[in-house]
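As structure tokens, the structure follows; a few thoughts come after it.
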Amino acid sequence: MNLPPALPKDASKLEDAIEKWTVPIGNLFVSLFHRIALFGIGAATVWSAGVAFIGMANKGSASIEDLLLLFIYLEIGAMVGIYFKTNHMPVRFLIYVAITAVTRLIIDLVNTKHEADMAILFMGITILVLALANAVVRYASYKYPSKNGISD
């Protein structure tokens, strides 16, 4: 059985037709996944912050580590809200979370060891590097704003 060779033009028409139907469906699934994931992250953040707050209330006081943990939850919640509204992940907020987390580690280390050591120095350097990274991101977003008007 001899079939005539298919013309490339015919293949491209078929490819265009397939793309016409599959790309919007793929975009819909990606968008749905993002929305479901954002709701899940937001709900987990609220739940975790609530549990931490109840733990502080039951303890009768809040340590500086507890307060910094609440700030981390606040920043994660803000990131979810911004991403929900703009479909843009604010990198600066991730840096703020990292700085706050490292600060919590330093305070915990000082409270348990009661002495300064190299680990604290390295964590301090880590905070400095993160602060410099934040400055670079802010400068870059100011100097080279994105085309859609969303700055980081």
Side-chain angles (χ1 to χ4, degrees), residues 12 14-152:
S12 67
L14 178 61
E15 184 179 319
D16 290 343
I18 291 171
E19 188 171 337
K20 179 181 174 183
W21 290 99
T22 58
V23 168
I25 293 171
N27 288 340
L28 174 66
F29 285 145
V30 168
S31 180
L32 286 173
F33 174 76
H34 280 162
R35 300 289 182 225
I36 292 167
L38 285 172
F39 277 115
I41 293 168
T45 302
V46 169
W47 176 38
S48 297
V51 169
F53 188 80
I54 290 169
M56 287 178 241
N58 288 338
K59 191 169 62 171
S61 65
S63 67
I64 189 71
E65 293 102 332
D66 295 333
L67 296 175
L68 289 173
L69 181 61
L70 291 178
F71 272 110
I72 289 172
Y73 290 136
L74 177 67
E75 292 299 326
I76 292 171
M79 280 189 326
V80 168
I82 289 170
Y83 189 80
F84 211 102
K85 291 179 181 178
T86 65
N87 285 333
H88 177 75
M89 178 58 70
V91 175
R92 286 185 296 129
F93 283 63
L94 293 171
I95 295 172
Y96 297 148
V97 167
I99 290 172
T100 306
V102 174
T103 302
R104 281 187 80 229
L105 287 173
I106 291 174
I107 291 169
D108 184 53
L109 197 59
V110 169
N111 283 341
T112 55
K113 286 190 173 184
H114 301 292
E115 63 184 41
D117 62 359
M118 291 303 286
I120 294 173
L121 176 65
F122 289 140
M123 288 185 211
I125 292 170
T126 300
I127 290 174
L128 177 64
V129 168
L130 288 167
L132 291 172
N134 186 41
V136 168
V137 168
R138 289 188 67 132
Y139 175 76
S141 66
Y142 171 77
K143 189 75 174 169
Y144 307 103
S146 66
K147 293 176 185 169
N148 59 4
I150 299 170
S151 64
D152 196 42

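Everything quoted here is computed from the prediction, not taken from an experiment.
With contacts defined as side-chain heavy-atom distances shorter than 4.5 Å, the pair Phe84/His34 does not qualify. Side-chain contact between Thr103 and Ile64 is absent, with no heavy atoms from C-beta onward closer than 4.5 Å. With contacts defined as side-chain heavy-atom distances shorter than 4.5 Å, the pair Val129/Leu132 does not qualify. Side-chain contact between Leu130 and Asn134 is absent, with no heavy-atom pair separated by less than 4.5 Å.
The shortest non-hydrogen separation linking Ala119 to Leu109 is CB-CD2, 3.7 Å. Heavy atoms only, all atoms of each residue included: Leu67 and Ala62 are closest at CD2-CB, 4.1 Å. Smallest separation of non-hydrogen atoms from Phe93 and Ala78: CE2-CB, 3.5 Å. Nearest approach of Trp21 to Ala17, heavy atoms of both residues: CD1-O, 3.1 Å.
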Between Met56 and Leu70, is a side-chain contact (heavy atoms from CB on, under 4.5 Å) present by the stated rule, with each step listed?
CA-CA 11 Å; Met56 287 178 241; Leu70 291 178; 3.4 Å; yes
side-chain contact (heavy atoms from CB on, under 4.5 Å) between Ile41 and Met79, worked out
CA-CA 10 Å; Ile41 293 168; Met79 280 189 326; over 6 Å; no
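For residues 36-65, the side chain to side chain donor-acceptor pair (under 3.5 Å) pairs, not counting sequence neighbours, are Lys59-Asp66, Ser63-Glu65, Ser63-Asp66, Glu65-Asn111.
Between the CD1 atom in Ile76 and the CG atom in Leu94 there is a gap of 9.0 Å [rounded to 0.5 Å]. Once rounded to the nearest 0.5 Å, the distance linking CD1 of Ile82 with CD of Glu75 reads 8.5 Å. For the atom pair OG1 (Thr100) and CD1 (Ile127), the distance works out to 8.5 Å, reported to the nearest 0.5 Å. Taking CG of Leu69 as the start and CG of Leu74 as the end, the distance is 11.5 Å to the nearest 0.5 Å. Atoms CD1 and OG1, on Ile25 and Thr22 in that order, are 7.0 Å from each other to the nearest 0.5 Å. In this structure, Leu38 CG and Asn87 CG are separated by 8.0 Å, a value rounded to the nearest 0.5 Å.
No donor-acceptor pair under 3.5 Å is formed between the side chain of Ser31 and the backbone N or O of Asn27.
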